[in-house]
Structure formats: structure tokens, C-alpha cells
Amino acid sequence: MSSPSSLVRSPALWSLYALLGLYAFLQNAIGPAVPLLRAEFHLDYTFAALHISAFAVGMMISGLLAPRFLRRLGVHAVLWGGQVGTLIGLTALVLAPSPWVSLVAILFAAVTGTASLAANQVSVADLAGPHRGKALLEANMAASITSVAGPLVLVLGTVLGTGWRTLWPAFIVAFALILILGFRPVAQSVPDRPTEEHGPQGKLPRAYLRAWLLIFFGVGVEWCVGFWASSYLKGLPGASDGLAVAGAGAFQVAAVVGRLLSSRLTGRFGEVRLLTAAIVVTAVGFPLYWSLASPWVAFLGLVLCGL
């Protein structure tokens, strides 16, 4: 547990950061993998889009059920069991004989993985105590960095000839390392039941609704651009598979840079000015991304959107 004066980055906290990064790895690999899955199963755009929507629907289902899972099963069971469920879903996706199986596999991986994410956030908050805001920011920074690995693994699979299924061994190796190094520290340091700090009758202020709407639309735009970046770039005249996958990776790299900059500049300029500047940069980048000038102009616009 962190002291009131400073955040203690214990082995358990680092393990939770790594688990969140593993979730982000798979989450951000689904979008770039869909064009490859579409080519393999000869899917139309509608059915390919369902694979992307399946992950989002799975996240929403898990968001509704995760509190019950945590109270009934405990934090540890949901944290590690959710990752095991994600591995089962990914395995089913790799072995899928038909697109309907792959669709269900992604949905299942999203539900279980997001349940593990919920347990992860609760655990980070409990471990960090009064420094939970800083710890959650660091956890999301770790997730941003590892999210770049998804497209990179797909590029590696293209080079090696193993295709998008390279995601499977990469996930297994990463999960095994986290399990070996982090299971015991987490079990010893993280309470198995979430800490309740408010009663059931608590009322949220109006400012929460405004912030919720801002996050809702912001994340909605981010997901739409990030998930469809590979498919869109691949469809441009003169574009290649490598550029399409690299574009999705560049979007995530730019997002990491943006988070680094925001963590440094927020104190100097304030949240409102920084948010306004971010919206302006996105407003400049999206028309470039959406234009048909060239794949490289769209690539540049995508980077600005990620930033």
C-alpha cells in the first residue's frame, strides 16, 4: 500500500500495469487484424465490421456485469480468470473454421478481458491509495505503449508468413511471464474484495455528466478511427498491406506521445486550454486523413488524430 507522501511502485503494482498492457495489446490488435481476417474468410464490409463491434459490445456487457462478478467471485478470480478467458477466446479465434465462430470468439474475449480490466482498475486504486490518480495515469500510459505492440506483431507475422495468428503465441508468452512474476505479489498485496467508499444512495454532480459525455464522444471517435485505420488505408489507391498495418501502429504511437505531452503540459496550461488545443489538432488532422490525396497524406492525418 502506498504511503500518503509518495506512490510506492511495488512488484504487485508493476504486475497490474503489465496486465493492463496485455489487455490493450489485444484490444488494439483486433482492428488491424480484421482486414486480414476479411481477406481469409472473404467477408464483406458489413460482416467484417461486426467483428469490431463485437469487441465493443463485449466491453459494454462486461461493464454492466463486472461489479457483480467482483462482489461474488472476488477481485483475484476476476483479474486472472478474465485473462484466461481472453486466452480461450483468442484461441477460438485462431482456430475458427467460420466467421461466425470468430465473431463469438471476439465477443467472449472482450467480455472476459474487460472483466479483468475492471478488477485491475480496482486493484490499482486499492494499492495506490491517495495516489490512485497518478497510478491509474501510469497504468494507462503502460497500456498506450503496449497497444503499439499489436500492429507490430501483425507486421512481424506478415514478414514471417505466419499472418495475424502470430497474436496467439505473443499473448501466451506475455501472459505466462506476468503470471510467473506477478501472481504471488498481487495475491499478497491486493484485497480480494473491492473497497466501498460511498453508500448506495450517493448522487453524482452535473459536472460528472458533462465529463461522461466528453469521454463518450472522445473515445467513440478514437475507436472508430483506430479500428478502421487499417481497412481505410488499405483501400486507398497505391496503399499496401504494410502501410495499412503501420498506420494503425503509428496512430497508437502518436497516442502515447500525446499522453506524455499532456501529462507534462496540463499543469502549465490547464485542462481546458490543453483540451481545446487537442480538438484543434484533431480538426486539422482528420480532413487530411479522410482526403484521397495520397496514402501518405492520410497517414500524416492519422498521426495528428492520434496525437
Quick check on the 6.0 Å ring-centre criterion: do Phe47 and His51 meet it?
yes
Close side-chain approach of Leu304 to Thr282, heavy-atom, < 4.5 Å
no
Walk me through whether Leu261 and Leu274 qualify under side-chain contact (heavy atoms from CB on, under 4.5 Å).
CA-CA 10 Å; Leu261 288 175; Leu274 201 61; over 6 Å; no
List the atom of Phe25, the atom of Ala170, and the distance in Å for their closest heavy-atom pair.
CZ-CB, 4.0 Å
Which pair of non-hydrogen atoms, one from Val94 and one from Arg165, has the smallest distance, and what is that distance?
O-NE, 2.9 Å
Should Met60 and Phe69 be counted in the same cluster of Ile, Leu, Val, Met, Phe, Trp and Tyr side chains packed under 4.5 Å apart?
yes
Indicate if Val84 and Leu20 have the same hydrophobic cluster label, given that clusters are the connected sets of ILVMFWY residues with side-chain heavy-atom separations under 4.5 angstrom.
yes
Find the distance between CH2 (Trp80) and CZ (Phe175) and round it off to the nearest 0.5 Å.
6.5 Å
CG of Leu19 to CG of Leu179: how many Å apart, nearest 0.5 Å?
8.5 Å
Under a 4.5 Å side-chain heavy-atom rule over Ile, Leu, Val, Met, Phe, Trp and Tyr, are Tyr289 and Val221 clustered together?
yes
Which of these, Ile172, Leu26, Leu95, Ile106, sits in a side chain to side chain contact (heavy atoms under 4.5 Å, CB included) with Leu90?
Leu26
Any chain of hydrophobic side-chain contacts (each under 4.5 Å) joining Trp168 to Val104?
no
Quick check: are there more than 12 heavy atoms from other residues, nucleotides or ligands sitting under 6.0 Å from CZ of Phe286?
yes
Is there a side-chain contact between Ser62 and Leu65 in this structure, where contact means two heavy atoms from C-beta onward sitting under 4.5 Å apart?
no
Give me the atom names and distance for the closest heavy-atom approach of Gln83 to Ser116.
NE2-OG, 3.2 Å
Applying the 4.5 Å side-chain criterion to the ILVMFWY set and letting contacts propagate, would Phe55 and Ile88 be lumped into a single cluster?
yes
Under 4.5 Å between any side-chain heavy atoms of Leu103 and Pro99, yes or no?
no
Spacing of CH2 belonging to Trp100 relative to CG belonging to Leu50, to within rounding of 0.5 Å
7.0 Å
Do you know the tightest heavy-atom contact between Ser291 and Val297?
OG-CG1, 3.7 Å
Kindly compute the distance separating CG (Leu22) from CZ (Phe171), expressed to the nearest 0.5 Å.
4.0 Å
Specify the closest pair of heavy atoms between Val186 and Ser15, including all atoms of both residues, with the distance to one decimal.
CG2-CB, 3.9 Å
Please check this pair: side chain of Ser123 against backbone of Val190, looking for a donor-acceptor N/O pair closer than 3.5 Å.
no
For Tyr23 and Thr146, does a side-chain donor sit closer than 3.5 Å to a side-chain acceptor?
no
Please name the pair of heavy atoms, one in Asn120 and one in Leu16, separated by the smallest distance, quoted to 0.1 Å.
ND2-O, 2.9 Å
For the atom pair CZ (Phe251) and CG (Leu307), what is the distance rounded to the nearest 0.5 Å?
10.5 Å
At what distance, to the nearest 0.5 angstrom, does OG of Ser189 lie from CG of Asp126?
11.5 Å
